[in-house]
Amino acid sequence: VSQSRYENTEEQKIKKSDIEETQKKALVTARRGQGKFKENVFGVEKECRITRVSNPAHLIASHIKPWRESNNPERLHACNGLLLTPSMDHLFDRGFISFSDQGECLVSPVADKGSLLKMGLNCERPPRVGSFNVDQRYFLEHHRKNLFFIKYEWECERCRFTWIRPAFSIALDGDNKDSRRSQSNR
């Protein structure tokens, strides 16, 4: 089934449904936006980089820099997306996995390794997913700094601390402006 035929079928299902007309219009508009974004991403990506699934019906065009954080041109930018299967999209959107600029799949230390293995991602031997172009690397840097979960643990004489945050909120060397700003706003 071609992607456009699939999208047309889904749009027809919405139009024939019993929901209110304003909701129908909103859903159709959102689907068309997702369809355009997915079409753009297919110009750069051909398959899920982790699972190698290439059938468009089984792929989600996942924003690297989330829609809510993107400006209008970034929202539909082909390089602000990856084609991922639903389980990999879930992990990526929630910051449990990310990617290095060199194509290493990064697994968050807070991710449940047993669950990831059941989803098809071996944390002991994460896949190399291929290189990224310069625009994709720009968006991936945002993902690693703002969405990817990291875990810091340290101990003192009386207690043990564990801090889990997206990477942007902690600077170990004190040189991260964003971390100083977020700490000063508390």
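Distance check: T85 OG1 to M88 CE gives 5.0 Å after rounding to the nearest 0.5 Å. Separating the CG atom in L82 from the CG atom in L59 is a distance of 11.0 Å, to the nearest 0.5 Å. In this structure, NE2 on H143 lies 13.5 Å from CD on Q136, to the nearest 0.5 angstrom. H63 NE2 to H142 NE2: the interatomic distance, rounded to the nearest 0.5 Å, is 11.5 Å. Put simply, NE2 on H77 and OG on S70 are 10.5 Å apart, with the number rounded to the nearest 0.5 Å. From C79, atom SG reaches atom CG of L140 across 10.0 Å, with rounding to the nearest 0.5 Å.
Listed by first and then second residue, the ring-ring contact (aromatic ring centres under 6.0 Å, His included) pairs that reach into residues 105-132 are F99-F132, sequence neighbours excluded.
A pairwise comparison of heavy atoms in A78 and N40 identifies CB-O, 3.2 Å as the closest pair. Taking both residues in full, the closest heavy atoms of P86 and I60 are given as CA-CD1, 3.7 Å, listed atom of the first, atom of the second, then distance. The nearest pair of heavy atoms linking S62 to D93 is OG-OD1, 3.2 Å.
Looking at N122 and R125, their side chains never bring a donor and an acceptor atom within 3.5 Å of each other.
Listed by chain and residue number, P66, L147 satisfy the side-chain contact (heavy atoms from CB on, under 4.5 Å) test with R68 (two or more places apart in sequence, or in another chain). Judged as a side-chain contact (heavy atoms from CB on, under 4.5 Å), and not counting sequence neighbours, the contacts of N71 are P73, E74.
One N or O on the side chain of S108 and one on the backbone of F149 form a donor-acceptor pair closer than 3.5 Å. Under a 3.5 Å cut-off, the side chain of D89 and the backbone N or O of L84 do not form any donor-acceptor pair. Here the side chain of K113 pairs no donor or acceptor atom with the backbone of E124 at under 3.5 angstrom. Of the possible donor and acceptor atoms, none in the side chain of R49 sits under 3.5 Å from a partner among the backbone N and O of C105. Judged by distance alone, with hydrogens and angles left aside, the side-chain atoms of K46 form no donor-acceptor pair with the main-chain N or O of L83 at under 3.5 Å.
I64 is listed as a side-chain neighbour of F92, based on a closest heavy-atom distance under 4.5 Å. Side-chain atoms of R75 and K65, non-hydrogen and from C-beta on, never get closer than 4.5 Å to each other.
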Walk me through whether D112 and K118 qualify under salt bridge (Lys or Arg N to Asp or Glu O under 4.0 Å). CA-CA 10 Å; D112 180 63; K118 290 176 182 177; over 6 Å; no
Going through the distances and angles, do R137 and E141 end up as a salt bridge (Lys or Arg N to Asp or Glu O under 4.0 Å)? CA-CA 6 Å; R137 290 193 301 265; E141 179 180 7; over 6 Å; no
